[in-house]
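Structure, as structure tokens:
We're numbering straight along the sequence, starting at 1.
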Amino acid sequence: MFKSVAAFELRYQLKSPAFWVTFAIFLLLTFAATASDNVQIGSGGNVWKNSPYAIAQTLMVMTVFSVFILTAFVANVVVRDDETGFGPIIHSTRLSRFDYLFGRFTGAFLAGCLLFLSAPLGMIVGAAMPWLDPEVLGPFNLWHYVYVYLLLCVPTLFVTGAGFFAIATATRSMMWTYVGVIVFLVLYLVATGFLARPEFINTVALVDPFGLGAYDQATRYWTAAERNTQIPAFAGYILWNRALWVGVALALLGLAWAIYSRAATGSRMAAAKAPDQTDDDAPAVAARAAATPAVQAKPSGDAGWSQLWALTRFDMAAAVRSPAFIVLLGIGFVNSLASLWYADERYGNTIHPVTRIMIEALQGAFTIIPLIIAIYYAGELVWRDRDRRMHEIIDSTPAPDWAFVVPKILSISIVLFSTLAASVFAAIVVQLLKGYLDLEVGKYLAWYVAADDRERGAVRGARDLHADARVAQVLRLDADAAVRGRPDNLRSARLRAQSLPVRGQPRHTALRHERTG
């Protein structure tokens, strides 16, 4: 029965739209990171795009993003039957609790592992693109992908899956499980920043649940040639880290088993009212309801607005409660946190995390997420009634077509506004953590959430004016050095000019200005 339950759960997860949407997102992310210079995942450094070090960095960073979709798989195992009411029916069968619980978990975990195969697949396809410079690629070695996937990434997926499976079993709530995911990732990012000093390198190598600290400790002093050709042995801190967290995952699964067994014996169900128990005053309520004459309501404008708002809330709740929405929002939230935290580092210096800098980081790391949500849920809400075979009942009602279309448009708009507001909240939290208290919420709303052309142009104009001023300063130093006949100052000014951007032009254009002069 264990294999049958695991196979059933695997088939169920593979049919989920969230599986294929996330599969495509992961594949495109790693493909773009390999085939383009505009997307970077991790800090590859001066190595080949398909080197063992780049493969490990990219795939291990992607395990951080996979937390949300894996949680959607494993947490839904127990919650789904409770929400649909099939839990008591399943418990009344001859299926053992072990086969049911861990068979479901195994099927969901295997679905997560299959989904994560999209990450190395995207890197393999991206490295085969014809437009890449052969100098940035090394020879293809399938073992490097297999090593990183099986020994570094799959244990991480097992650890995170077991942890949030235990939370879902204890809370019986998807919402509280995702709250646990957010708390875990925030604590992880804060701890990573606090323990980034060299004296904590060995501690981080052991306690990092994603294994990034252990891999960094093993390859910290490797040269570029070694990172291009070698892969660290599965020993030392890497082995101890994986063994430690796999043990923690097994302990969490044992805790989930204990919680589920106690709940299944009736301690949780005893608090609920039995189906055959009714309130003593139920007959009186039914008699009063039968004695009340039916009154035909008169149509009014207030009733129309209330119906519009009711349908909008219904469609909005259907979008927000969907696992795909929480997964997409979580991926964008984590990605924006990483970009926001390092957004105040400019030209090798640290500046204040002002609103303009935070908005630039959000526009680069988060704006794609509302676009994906809008595309996905626009079709989901329109075709949901037909997929559930309710469209004939809805079409037979006397309500006009706009009465069903307008609430869907409003619900998508409210969901997108809430998504952007969540990213603004992340930016404000980062500002507070960095000690910056000049919070300009109005500018966030005007320049980022509302984002009309005039205000976006003001942000770009301020950024370009800042860049042009710095280029003008360097060119003035260049001219002054040329007049004084100091070649060393001239060489220094040229090197500074290479690192400065010019509006609408590549970085090396600054040298073109000085040469024509």
Side-chain angles (χ1 to χ4, degrees), residues 22-66 113-157 192 208 210-234 238 331-332 334-336 338-339 341-343 345 348 361 364-365 368 498-499 501 506-508:
T22 313
F23 188 95
I25 292 176
F26 277 31
L27 189 144
L28 292 176
L29 281 175
T30 54
F31 171 83
T34 307
S36 174
D37 294 331
N38 297 324
V39 179
Q40 181 178 354
I41 301 176
S43 55
N46 188 23
V47 295
W48 293 329
K49 288 182 175 292
N50 61 343
S51 66
Y53 186 81
I55 294 172
Q57 284 284 318
T58 302
L59 296 186
M60 294 176 75
V61 170
M62 290 301 296
T63 57
V64 180
F65 294 97
S66 67
C113 293
L114 290 177
L115 185 147
F116 196 77
L117 280 175
S118 61
L121 179 62
M123 294 193 69
I124 294 173
V125 175
M129 292 297 101
W131 61 76
L132 285 177
D133 187 357
E135 297 294 332
V136 302
L137 294 174
F140 173 76
N141 192 331
L142 183 62
W143 166 244
H144 295 160
Y145 295 93
V146 174
Y147 175 91
V148 175
Y149 176 79
L150 291 180
L151 298 182
L152 300 181
C153 296
V154 170
T156 301
L157 298 179
T192 301
D208 186 359
F210 297 99
L212 287 166
Y215 193 87
D216 179 71
Q217 194 273 345
T219 60
R220 174 176 290 266
Y221 300 107
W222 282 15
T223 62
E226 291 174 326
R227 292 181 175 182
N228 281 333
T229 57
Q230 299 181 18
I231 198 162
F234 193 67
I238 294 180
I331 292 174
V334 173
N335 189 37
S336 63
S339 300
W341 189 263
Y342 298 103
E345 297 180 2
I368 187 64
Q498 289 180 356
S499 63
R507 290 188 174 186
H508 64 270

Just wondering, do [Y] and [X] contact through their side chains at under 4.5 Å, heavy atoms?
| X | Y | answer |
| --- | --- | --- |
| Arg227 | Ser51 | no |
| Leu117 | Tyr149 | yes |
| Trp48 | Pro139 | yes |
| Tyr145 | Asn50 | yes |
| Leu152 | Ile238 | yes |

Distance check, rounded to the nearest 0.5 Å: Ile25 atom CD1 versus Met62 atom CE?
9.5 Å
What's the separation between atom CG in Leu29 and atom CZ in Phe65, rounded to the nearest 0.5 Å?
7.5 Å
Taking all atoms of both residues into account, what is the closest heavy-atom pair of [X] and [Y], and its distance?
| X | Y | result |
| --- | --- | --- |
| Trp222 | Pro232 | CH2-N, 3.5 Å |
| Ala35 | Trp131 | O-NE1, 2.9 Å |
| Ala119 | Thr30 | O-OG1, 3.0 Å |
| Gly126 | Thr34 | C-CG2, 3.8 Å |
| Tyr147 | Phe234 | OH-N, 3.4 Å |
| Ser66 | Leu157 | OG-CD2, 3.3 Å |

Leu115 and Thr22: CA distance, side-chain angles, deciding distance, side chain to side chain contact (heavy atoms under 4.5 Å, CB included) verdict
CA-CA 8 Å; Leu115 185 147; Thr22 313; 3.9 Å; yes
Option among Leu59, Ile55, Leu27 that satisfies the side chain to side chain contact (heavy atoms under 4.5 Å, CB included) test with Pro120
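Looking at Leu59, Ile55, Leu27, the match for Pro120 under the side chain to side chain contact (heavy atoms under 4.5 Å, CB included) is Leu59.
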Do Thr156 and Met60 pass the side chain to side chain contact (heavy atoms under 4.5 Å, CB included) test, and can you show the C-alpha distance, the side-chain angles, and the key distance before you say yes or no?
CA-CA 9 Å; Thr156 301; Met60 294 176 75; over 6 Å; no
Given Phe140 and Ile124, is the side chain to side chain contact (heavy atoms under 4.5 Å, CB included) satisfied, shown in steps?
CA-CA 8 Å; Phe140 173 76; Ile124 294 173; 4.1 Å; yes
Could you walk me through whether Tyr53 and Asn228 satisfy the side chain to side chain contact (heavy atoms under 4.5 Å, CB included) test, starting with their C-alpha distance in whole Å, then the side-chain angles of each, then the deciding distance to 0.1 Å, before giving a yes or no?
CA-CA 7 Å; Tyr53 186 81; Asn228 281 333; over 6 Å; no
